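This structure is a prediction, so every number in the text was calculated from the model and none was measured. In each ligand, atom 1 is the first atom listed, and ligand 1 is the first ligand listed.
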Amino acid sequence: MAELLSIILAAGEGTRMKSAMPKVLHPVGGLPVVSHVLRTVQGFGSKVAVVVGPGHEAVEAAVTRFEAMAHISRQEQRLGTAHAVQQARAAYETAPGHVLVLYADTPLVTAETISSIVAKLDDGADMVVVGFRPGDPTGYGRLLTEGDRVRAIREHKDATEAERQIGLCNSGIIGFRGDALRGVIDRIGNENAKGEYYLTDAVELATGDGRRVDFIEADAAELVGVDNREKLSEAEATFQQFKRKEIMAAGVTLRDPNSVWFSWDTEIGRDVTIFPNVVFGPGVKIADNVEIRAFCDIEDAVIGEGSSIGPFARIRGGAELGPDVHLGNFVEVKKSKIGAGTKAGHLSYLGDAEIGTKTNIGAGTITCNYDGVNKDKTIIGDNVFIGSNASLVAPVNIGAGAYTASGSVITQDVPADALALGRARQENKPGYASKLRDRALAKKAAKGK
Ligand code: UD1
């Protein structure tokens, strides 16, 4: 396969998003839309050049975070897609192989589509245009085809009524042999309805030079361009459909696929069962044979084999759960390590904790990890029994095999195998309850007078 350079256009203003954030940084599946495109082309070992708009330092930072070697250039004035490509001249001038032009706001283009473009270029095409059939073609460039070749792309504003009847539109993704791009890009003018330098004019120039311009047709859902919030939600819905299929194909049971939401990097092992209404934020890895019951919210967490989670559990902040851990309803775990076979069945907050193996965390246990300024650690050993309704005031260390009595506020370390009682001793006063009742009734009678 020839070497690839991908030029990703990201200089659009994105005004229709009505957002303080550049449109290409809005997330789909927990990842900025521009990073989806980077990720897809990275899969081909492609070099990357990104063209950003003025003042888009945040886009530059997001790109270099994901692709440190990216060549970044700025388009100071937004003069059209061909002008945007020209800003990446330093990258394409010497590109030895094929050059792909993609849009940063079209995040769901698939590896299959890229493969088809590359295959046609390898087969001798000079350019390959990715066409699609949107529900409403208004506004898109139309592909003027002859057999399996493209003669020209006509922008909507410049098209005749007859050309506007064509349903096959330009997605904006175009592959070039490097020499074909270099042969046409500087000959593109701006005599058109918008007064812009259209990259789409490259097609007519190339065919005029006797070059071969092919097209492929891809699914409209994969080519959705995120330029307003409605399109963003469409992209999210499509992404989730792709991801649910991928996850199920890998051996995961989703009881109600449409109510389970994944992130781009969610990794789930085999024979995992996920009940309805579960949301996975970024950074989740789940081993085999795990059960996740309804209404859990999990992000930045590793869950060990055979664990059972939820319903209504929240796990986050770099949590690491060993194998066979059980977290039940209304348990929150933040930035904690939990050892094999440990259970926290009900109503707990475990934050900044390290908990050993086969420990039982009673209902209502709270790690008091924050004093308003600092976060401190709670360390609990193996085979510990934390009685219900405990407040564990960090920093605190509870030794292996220790017991803490229910209702305790534990402020000091507990040695291994000790019983810790951190509560007032119970006192019973025989017959005192009826005395209290009589006193209350007398008070009520006095008020009634
Ligand atoms: C473009 C295509 C059109 C296609 C449509 C698909 C051209 C002339 N037209 O139209 O055939 O059907 O996309 O969505 O290419 N951009 C820059 N700098 C610029 C202009 C655009 O970086 O000066 C980037 C934008 O950020 C965006 C992409 O190029 O990612 C497309 O720009 P947009 O203005 O949406 O193109 P359209 O006019 O819709």
Side-chain angles (χ1 to χ4, degrees), residues 6-17 19 22-26 32-34 36-38 49-56 59-60 63 72-88 100-109 113 127 129-145 150 152-159 163-164 166-174 176 181 184-185 188-205 213 215 217-218 220-228 231-232 234-235:
S6 300
I7 301 178
I8 301 173
L9 306 187
E13 285 160 358
T15 44
R16 275 169 289 179
M17 288 296 279
S19 173
K23 72 171 166 179
V24 300
L25 296 186
H26 282 262
V33 292
V34 61
H36 280 270
V37 183
L38 291 169
V50 183
V51 181
V52 302
H56 279 182
V59 178
E60 295 182 26
V63 167
I72 296 186
S73 45
R74 286 203 190 167
Q75 187 190 26
E76 296 297 341
Q77 273 184 297
R78 207 174 171 281
L79 300 179
T81 44
H83 180 259
V85 168
Q86 283 172 327
Q87 309 314 304
L100 304 179
V101 175
L102 303 111
Y103 294 168
D105 64 2
T106 306
L108 302 182
V109 57
T113 297
M127 282 178 68
V129 177
V130 179
F132 74 126
R133 294 180 190 274
D136 176 9
T138 309
Y140 292 105
R142 307 300 206 284
L143 267 57
L144 311 188
T145 56
V150 190
I153 300 176
R154 192 74 72 234
E155 289 306 301
H156 184 89
K157 280 197 172 166
D158 303 291
E163 288 167 341
R164 287 183 182 178
I166 297 170
L168 186 60
C169 295
N170 173 31
S171 68
I173 298 167
I174 303 180
F176 295 85
L181 175 67
V184 293
I185 188 78
I188 293 174
N190 65 349
E191 302 80 32
N192 51 52
K194 278 180 153 177
E196 283 188 2
Y197 296 88
Y198 291 165
L199 184 62
T200 44
D201 284 354
V203 174
E204 223 159 349
L205 289 169
V213 183
F215 68 97
E217 203 177 316
E222 112 179 43
L223 295 168
V224 59
V226 174
D227 59 4
N228 60 38
K231 288 280 171 45
L232 179 66
E234 276 175 34

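- Atom CZ of Arg164 sits in a crowded spot, with more than 12 heavy atoms from other residues, nucleotides or ligands closer than 6.0 Å.
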Give every pair made of an N or O atom of ligand 1 and a protein N or O atom lying under 3.5 Å apart, one pair per line with both atom names and the distance to 0.1 Å, or write 'none'.
from     : atom 1 : to     : atom 2 : distance (Å)
ligand 1 : 9 (N)  : Glu155 : OE1    : 3.0
ligand 1 : 9 (N)  : Glu155 : OE2    : 3.2
ligand 1 : 11 (O) : Gly141 : N      : 3.3
ligand 1 : 11 (O) : Glu155 : OE1    : 3.4
ligand 1 : 11 (O) : Glu155 : OE2    : 2.7
ligand 1 : 11 (O) : Asn170 : ND2    : 2.8
ligand 1 : 12 (O) : Gly141 : N      : 2.9
ligand 1 : 12 (O) : Asn170 : O      : 2.6
ligand 1 : 13 (O) : Tyr103 : OH     : 3.0
ligand 1 : 15 (O) : Thr81  : OG1    : 2.7
ligand 1 : 18 (N) : Gln75  : OE1    : 2.7
ligand 1 : 22 (O) : Ala11  : N      : 3.1
ligand 1 : 23 (O) : Gln75  : OE1    : 3.3
ligand 1 : 23 (O) : Gln75  : NE2    : 3.0
ligand 1 : 23 (O) : Leu79  : N      : 3.4
ligand 1 : 23 (O) : Gly80  : N      : 2.8
ligand 1 : 23 (O) : Gly80  : O      : 3.1
ligand 1 : 26 (O) : Gly12  : N      : 2.8
ligand 1 : 30 (O) : Leu9   : O      : 3.4
ligand 1 : 34 (O) : Arg78  : NH2    : 3.1
ligand 1 : 38 (O) : Lys194 : NZ     : 3.0

- How far apart are the C-alpha atoms of Glu60 and Arg74, what are their side-chain angles, what is the distance that settles it, and do they pass the salt bridge (Lys or Arg N to Asp or Glu O under 4.0 Å) test? CA-CA 10 Å; Glu60 295 182 26; Arg74 286 203 190 167; 2.9 Å; yes
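- With sequence neighbours left out, Arg154 forms a salt bridge (charged side-chain N to carboxylate O under 4.0 Å, His left out) with Glu163, Glu204.
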Show me the side-chain donor-acceptor pairs of residues 100-108 shorter than 3.5 Å, one per line, residues at least two apart or across chains.
from   : atom 1 : to    : atom 2 : distance (Å)
Asp105 : OD2    : Lys23 : NZ     : 2.8

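- For Leu232, the side chain to side chain contact (heavy atoms under 4.5 Å, CB included) criterion is met by Met17, His26, Val28, Val226, not counting sequence neighbours.
- The local environment of CD in Gln77 is sparse, with at most 12 non-hydrogen atoms from other residues, nucleotides or ligands closer than 6.0 Å.
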